[in-house]
Enquirer: 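Okay, handing you the structure first.
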Number of protein chains: 2
Amino acid sequence: MREELREELREDDYELLARLAHRYYVDERTQEEIAHEFALSRPKVQRLLDRARRSGVVAIHIQAPPGLRLELESQLRETFGLSDAIVCSARTDPQAEREAVAQRAARYLERRLHDGCVVAVSHGRTAGAVPRFFRPASRLDVTFVSAMGGSPGIDAPTNPNEICRALAAGCGGQAVSLYAPAYVESVEIRDQLLAQEAIAGSLDRAAQATVALVGIGGTDDGCTMVRSGCLTTSEIAWLRSQGAVGDVLGNYVDTEGRPIASPHQDRLLALTVDHLRRIGTVVAVVSEPEKPRAILGVLRVGVISVLVVDEGNARAVLDLVAHEPARGGAAGSGRRASQREV
Amino acid sequence: MREELREELREDDYELLARLAHRYYVDERTQEEIAHEFALSRPKVQRLLDRARRSGVVAIHIQAPPGLRLELESQLRETFGLSDAIVCSARTDPQAEREAVAQRAARYLERRLHDGCVVAVSHGRTAGAVPRFFRPASRLDVTFVSAMGGSPGIDAPTNPNEICRALAAGCGGQAVSLYAPAYVESVEIRDQLLAQEAIAGSLDRAAQATVALVGIGGTDDGCTMVRSGCLTTSEIAWLRSQGAVGDVLGNYVDTEGRPIASPHQDRLLALTVDHLRRIGTVVAVVSEPEKPRAILGVLRVGVISVLVVDEGNARAVLDLVAHEPARGGAAGSGRRASQREV
DNA sequence: GTCAACCGTGAGCAAATGCTCACCAATGCA
DNA sequence: TGCATTGGTGAGCATTTGCTCACGGTTGAC
């Protein structure tokens, strides 16, 4: 919005703007002082300074550490209404990339968590890498609760209970495990399990969390939900055929963020999208390459508030949005790139 | 003061500062919003942004038109307590240089003058070039009054009366002439002249001015006061021997800005330094090359509030101050250059 | 172990800033 | 010529910002 082309300035105006801007930004005079000096009214000085900024006479440059992609982050925030976005610069090694993302997520949690917080935790390889880097400066009285059941089919450190335990150990907090599988073979069994106090209680605590740490899953045959045995390859293929592009906590959505009603849903022991919606801060960590469509779909659900992601996926997601034909006004690849010019 | 070396930052701090700065300066969030996003207190965000600025993470660059020497101007303002300084970029031709200075002075007056102003005007070649460029956008009801008498020995356009007339013509204002010579041969004659209502009245109006436009004279044999016949070369030599480095309205001062008591003073028909002191805005225009010592002395009198000067003199004056042994702390050439680092 | 000195912190306030709005002058149009 | 429109202007107010100050927790010396 309010995109302003670098307007053409008359030479005299240019000089005045530069003079005012120098006085304001370099010499740090107040607008009132400057107004007095130049025999202008204060609001006029304000307007001129505004113009100086918009016309590019004043250039504010943020000297970011290499590897920080602040521009991308801002675009993600704006495009998806996130309250925060953290992008890690591209690395060749997927393993290193995952660690970089996990480290940033850990730093974010260190900043964000404070005594009394309750954090709901999903499964996932990237989420599983977070605890290794989670070392708050001081002890934190935080409770980590599994937001979904476990799966024997995948590495232990990728399971929610394990992630909770490790995170709690990292800060001296508490871990609340969910002693149930992520996925069972019938609705009846799930309902029986949900009737268990131990299980319902844990899930309920997760639902009451103020923060959630979640991964974003894809719909390819090698995705976590398949590797963990929650879904078969034919089931994931069926979901794909229904338009599913990704999931959060086993809740599949299409590219528009609409839920995919599926029979598998009812055999899942995890928080629902509505649960997540009620949790103030939902932090999603993603690093697996080539997940942009999954990310796009899940972001559009509108429950994610913070995204920690690698640079490749970040760019890819924004590209998807920019090239989409049907949505929003004036698509085309150039639009997004010129959003900010300062 | 408060010179801050670019402090060394830890990598994490660096990242946080860059992130905050980007959010604040590029995305234009308020400090409060940022504080909330980063789970910090508002004052803390403020301090961090402060640090970001001082440590150079935020670089504010003013894209000045070529030939604008804003840095020099700020140094002049600070060094001599001027309310404004305008420096014109160096040109090879002294004539072109004078015109450039005069043009800037004219622009300044156009901005500064408003209906009802009374401007006291001295003689001088540079001051004489001002009217040619003085073309306010709209009619101005301003009165220009000679602040010293005339001299038949110099070009007409260099005489105060003539400058007043031309300035008044330029804006549709009034000119009040001083019908007296700048310099007479005895104190008695001067006193007689001062007793004349026409003369005393004009000088009095000049003394009541709210703005003054003055030149700064040197003490070489070719200075305006000698060329105009006000002083002989032996008189100016005597003044030099007394330490005089320059004058304003015929009032000679030494390099410290102290007045030089001289017998010639009493034969002068012009405003005194004390008169000038009571005039709110005294604009000095100087462009003759190699006048830095004259400028230095006159600026130190403390009556000049605005200096319009060529780049060569501006640098030379600041160099003189920087290399002075006796005054202020920690002299040496490097000091001034490092005053501002942003 | 105790005490003093010292950051770093956030509350609270004063100043500075951004913004809205009503007004005026200049311009264009009938 | 009169009238409507537009662009720019400064008054006044709400918000944002910078700053002071008292407090608490930590460090380091004795």
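Values in this document were obtained by computation on a predicted structure and should not be read as measured data. Quick note: numbers below take in every heavy atom, side chains included, and nothing from hydrogens, waters or symmetry partners.
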Enquirer: What is the minimum heavy-atom distance between B:L70 and A:A18, and which atoms define it?
Expert: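 Scanning both residues completely, I find the closest heavy atoms to be CD1-O, 3.6 Å.
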
Enquirer: Looking at B:R107, B:R104, B:R111, which hits salt bridge (charged side-chain N to carboxylate O under 4.0 Å, His left out) with A:E15?
Expert: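 Only one option passes, and that is B:R104.
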
Enquirer: Once you round it to whole Å, what is the distance between P of D:dG24 and NZ of B:K44?
Expert: 18 Å

Enquirer: Could you tell me whether the side chains of A:E73 and B:H22 share a donor-acceptor contact shorter than 3.5 Å?
Expert: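 There is no such pair between these side chains.
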
Enquirer: Let me know the distance between CG of B:L48 and C1' of C:dT9, rounded to the nearest Å.
Expert: 12 Å

Enquirer: Taking the minimum atom-to-atom distance to the side chain of B:R53, which one of D:dG10, D:dG18, D:dT16 wins?
Expert: D:dG18

Enquirer: Could you tell me the separation between the CG atom of A:L49 and the C1' atom of D:dT17, rounded to a whole number of Å?
Expert: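 A:L49 atom CG is separated from D:dT17 atom C1' by 16 Å.
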
Enquirer: Judged by modelled atom types alone, do A:R53 and A:Y25 share a side-chain donor-acceptor pair under 3.5 Å?
Expert: yes

Enquirer: Between C:dA14 atom C1' and A:E32 atom CD, what is the distance in whole Å?
Expert: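 Going from CD in A:E32 over to C1' in C:dA14 covers 14 Å.
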
Enquirer: Rounded to whole Å, how long is the line connecting atom CZ of A:R54 with atom C1' of C:dG18?
Expert: 13 Å

Enquirer: When the nearest nucleotide of DNA chain C is assigned to B:L40 and to A:R42 on a heavy-atom basis, which residue is associated with the more 5' position?
Expert: B:L40

Enquirer: Can you check the B:R29 CZ to C:dT17 P distance for me, whole Å?
Expert: 21 Å

Enquirer: Whole Å only: how far is the CZ atom of B:R23 from the P atom of D:dT17?
Expert: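 Whole-Å distance recorded here is 13 Å.
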
Enquirer: Give one of base, sugar-phosphate or nothing for A:Q31, where a contact means two heavy atoms less than 4.0 Å apart.
Expert: sugar-phosphate

Enquirer: Measure CD/B:E28 against C1'/C:dC19 and give the value in whole Å, please.
Expert: 14 Å

Enquirer: I want to verify a distance call: between D:dT16, C:dA11, C:dG18, whose nearest atom is closest to the A:Q46 side chain?
Expert: C:dG18

Enquirer: Go through the N and O atoms of the side chain of B:R47 and the base of C:dG10, and report whether any donor-acceptor pair is under 3.5 Å.
Expert: yes

